[in-house]
Amino acid sequence: MNDLTFERVPRDEPFQAPAADIPESQPLLLHYLNIIRRRKWLLLGAIVVAAVVGPIVTLLMTPKYTATATIEIKRESYQIVNVEGVEPDNAVDLEFYETQWGLLRSQTLAERVVAEMRLQDDPAFFEMFNNTEFAEKARERGAGGSAASERQERIRAAAAILLANGEIVPKRQSRLTDIQFTSPDPAFSTRVVNTWAEAFIEISLERRFDATSYARNFLEERLEQLRGRLQESERALVAYASNQRIINIPTGAPAGSENSSPAERPLVAEDLSTLNRELNEAIAARLQAQSRVRGRGGSTLRALANQTN
């Protein structure tokens, strides 16, 4: 059996750290200078390698060129009555501009730029961004060996490349927005940002025209509905007049009237007018008869009185 032995450390002995390599009498700065002096050749070699390799790597790297196009996003004028204290809501403006920036970054707009520039059929475009797979597909499309179903796939791939290398940068406290695109070809970058801005303007105009067309179609449908209701009301009115024997008869236009067409009066009104006229005539005849009766009655009484006497 092995015997275990323990050694007790006295409590009054403090812990001693290992001695440092730096002598207490030597300053810290001098110590670092000694290290640099001992390894100066290694440091000089690293500097020379960096100075030689850096320019070589820079020359071998493909240069990138960023083109910028600036557009103004302006909201339509407010159709608000001039009332004191009525002002547009800033939150609504912010929502509008956020929506426009989202449309600038949308996949739909990028695909439209691709279609207008025909980038889906350009192998050089895909090779420029190291996409050899779609470059081969575009080359097959140029040779007539690619299926038409792959066109949309190439458009989506090209749009993804544009979105990955493009950037929408709104300018603070303004309605201006920068459209930036980076590529190895400066002329190509310029073409992309210009086409991007033009496509956005075209989409904005198309959306406004669609809204106007929708409003016009809605109003035309509403007018057609109202016209149909008016015709139904006119038919109901004619049917009611026929059932109640309310017939309009033409009357002569008043003299000097500009309207040459004869006026119309309902038959009921004509009957009432005739009855009123006949009533007036009957009343006049009755009054005349009463006056004659009274006159005859007085002469008769005078004659009877003379006979009695």
Side-chain angles (χ1 to χ4, degrees), residues 58 60-79 88-139 141-142 150-214:
T58 303
L60 293 178
M61 290 178 60
T62 303
K64 299 292 184 180
Y65 301 93
T66 301
T68 303
T70 303
I71 61 174
E72 179 184 5
I73 301 176
K74 186 176 181 180
R75 191 186 182 97
E76 295 182 3
S77 59
Y78 297 98
Q79 302 296 330
D89 190 1
N90 292 332
V92 177
D93 280 346
L94 182 58
E95 179 181 356
F96 169 76
Y97 288 112
E98 288 287 350
T99 303
Q100 300 303 310
W101 297 332
L103 292 175
L104 280 170
R105 302 185 186 98
S106 64
Q107 177 77 14
T108 303
L109 182 59
E111 291 181 1
R112 181 162 183 159
V113 174
V114 170
E116 291 186 2
M117 299 181 65
R118 303 184 61 86
L119 299 178
Q120 72 277 3
D121 300 330
D122 187 3
F125 166 73
F126 293 103
E127 293 175 350
M128 185 186 303
F129 296 95
N130 300 323
N131 195 328
T132 57
E133 177 183 358
F134 284 95
E136 292 296 331
K137 292 182 179 180
R139 192 171 289 108
R141 170 67 177 85
E150 296 180 355
R151 175 182 174 82
Q152 190 61 32
E153 183 182 2
R154 295 196 309 274
I155 291 177
R156 287 194 297 266
I161 293 175
L162 294 183
L163 292 175
N165 294 273
E167 187 177 5
I168 306 300
V169 183
K171 292 187 177 181
R172 295 179 58 86
Q173 304 299 325
S174 70
R175 295 192 295 262
L176 302 178
T177 302
D178 289 341
I179 303 174
Q180 298 180 354
F181 186 78
T182 303
S183 73
D185 187 356
F188 178 77
S189 298
T190 303
R191 286 177 52 210
V192 170
V193 294
N194 290 337
T195 307
W196 204 306
E198 293 173 359
F200 176 74
I201 294 173
E202 291 175 359
I203 287 181
S204 300
L205 294 177
E206 289 175 0
R207 292 175 63 246
R208 188 175 302 177
F209 177 77
D210 291 342
T212 305
S213 300
Y214 175 80

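Taking each heavy atom of F181 and I161 in turn, the nearest pair found is CE1-O, 4.4 Å. Pairing each heavy atom of E153 with each of K137, the nearest pair is OE2-NZ, 3.5 Å. In this structure, A67 and V193 approach most closely via the heavy-atom pair O-CG1, 3.5 Å. Heavy atoms only, all atoms of each residue included: M117 and F188 are closest at CE-CE1, 4.0 Å.
Side-chain contact between R151 and R154 is present, with heavy atoms from C-beta onward closer than 4.5 Å. Side-chain contact between I179 and I168: present, with at least one pair of heavy atoms (C-beta onward) separated by less than 4.5 Å.
Note: L103 CG to I203 CD1 = 7.5 Å, rounded to the nearest 0.5 Å.
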Could you pull out all donor-acceptor pairs under 3.5 Å where a side-chain atom in residues 194-201 meets a protein atom, sequence neighbours excluded?
{"from": "N194", "atom 1": "ND2", "to": "T190", "atom 2": "O", "distance (Å)": "3.2"}
{"from": "T195", "atom 1": "OG1", "to": "R191", "atom 2": "O", "distance (Å)": "2.8"}
{"from": "W196", "atom 1": "NE1", "to": "L104", "atom 2": "O", "distance (Å)": "3.1"}

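The salt bridge (charged side-chain N to carboxylate O under 4.0 Å, His left out) test applied to E202 returns R112, not counting sequence neighbours. Partners of R175 under the salt bridge (charged side-chain N to carboxylate O under 4.0 Å, His left out) rule, at least two apart in sequence or in another chain, are E72. E127 is linked by a salt bridge (charged side-chain N to carboxylate O under 4.0 Å, His left out) to R139, counting only residues two or more places apart in sequence or in another chain.
Sorted by first and then second residue, the side-chain hydrogen bond (donor to acceptor under 3.5 Å, both in side chains) pairs involving residues 180-189 (not counting sequence neighbours) are T66-T182, S183-S189. Annotation: side-chain hydrogen bond (donor to acceptor under 3.5 Å, both in side chains) contacts involving residues 99-109, sequence neighbours excluded, comprise W101-T177, Q107-E111.
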> Hey, mind stepping through N165 and V192 against side chain to side chain contact (heavy atoms under 4.5 Å, CB included) and telling me if it holds?
Replying inline: CA-CA 11 Å; N165 294 273; V192 170; over 6 Å; no
